[in-house]
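Shown next, in structure tokens, is the structure this report addresses.
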Amino acid sequence: MAPRALLAGNWKMHGLQSAVGELQKIIAGADGLPKLDLMVCPPATLIAAFAKAARGSRVLIGGQDCHSLPAGAYTGDISAEMLKDAGAAAVIVGHSERRQYHGETDEMVRTKARAAHRAGLLPIICVGETRAERQAGSALMIVRAQLDRSVPDDLTEVVIAYEPVWAIGTGLTPTPSDVAEMHATMREWLGRREAVRLLYGGSVNPANANELLTVANVDGALVGGASLKAEEFLAIAAVYR
Ligand code: PEP
């Protein structure tokens with residue numbers, strides 16, 4: 001049986017306190033979508049307010065990154081325990097923007113995923129090839145290597161998001177057959193961990209959601225830009241109605 005679908009919105013560095021109105025629209029729309037889990041990952045400054053607004057609803061709140069240690073002298077960082085304490089249920093780790101702009105390696109991503117698990121958060125681990133790697137024909141090999149190094153092998157409660165770096169925020173997407181090939185490879189890599197959800201991420205919008213999210217072994221999506229407006233996010237979610 002296919003795992004239950006998850007649609008997670010990554011708000012990145014967008015949103016002030018007034019954005020709670022957008023979350024409330026998503027919460028209202030979630031009632032008509034019983035077949036999938038919905039999640040919003042706002043900036044850290046909004047997690048507590050969003051968690052409070054979403055309490056008792058079908059919308060989960062997640063963080064976008066965490067430190068690997070529970071506490072310490074790490075100015076500006078936030079631990080998984082702090083996210084949990086603020087009301088988060090999950091945290092994205094290893095997003096390509098963290099890897100690119102903050103020098104995060106696969107090994108760091110793995111320790112962050114372990115930290116999330118330690119704190120009782122669901123880690124959403126991101127992997128994906130660059131444009132040059134796709135053009136060189138090495139996408140499958142690159143992603144397999146990222147999985148080997150970024151995903152702790154004893155973790156079963158984890159979500160993996162395949163996000164081709166060249167598709168993030170560009171309007172470009174892989175073909176459904178490329179997504180199918182990658183997700184079949186990831187599913188095979190997981191072996192007995194059948195309940196692990198495999199998300200696709202990269203320029204998902206209401207117009208392409210049906211084509212991308214109905215591909216075999218795609219158990220939902222991680223959505224950036226199109227998750228900022230409730231109407232767009234819910235239009236993507238309607239694939240699972
Ligand atoms: C992302 O940042 O995880 C993402 C998928 O962004 P976008 O949907 O904007 O491409």
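First listed ligand is number 1; within each ligand, the first listed atom is number 1.
- Residues passing the salt bridge (Lys or Arg N to Asp or Glu O under 4.0 Å) test with Lys84: none are found, sequence neighbours excluded.
- Partner of Tyr240 under the side-chain contact (heavy atoms from CB on, under 4.5 Å) criterion, out of Asp37, Leu33, Thr214, Leu213: Leu213 alone.
- The immediate protein surroundings of ligand 1, defined as residues with any heavy atom under 4.0 Å of it, consist of Asn10, Lys12, His95, Glu163, Ala167, Ile168, Gly169, Gly201, Gly202, Ser203, Leu222, Val223, Gly224, Gly225.
- For residues 145-166, the pairs satisfying side-chain hydrogen bond (donor to acceptor under 3.5 Å, both in side chains) are His95-Glu163, Arg99-Ser150, Asp106-Arg149, Asp106-Ser150, Arg114-Asp154, Glu129-Tyr162, Glu129-Trp166, Arg134-Tyr162, Asp148-Trp189, with sequence neighbours left out.
- Leu46 and Leu60 are not part of a single hydrophobic cluster, where members link through side-chain heavy atoms under 4.5 Å apart.
- With sequence neighbours excluded, no residue forms a side chain to side chain donor-acceptor pair (under 3.5 Å) with Arg193.
- Between the side chains of Thr130 and Glu133, a donor-acceptor pair is found at a separation under 3.5 Å.
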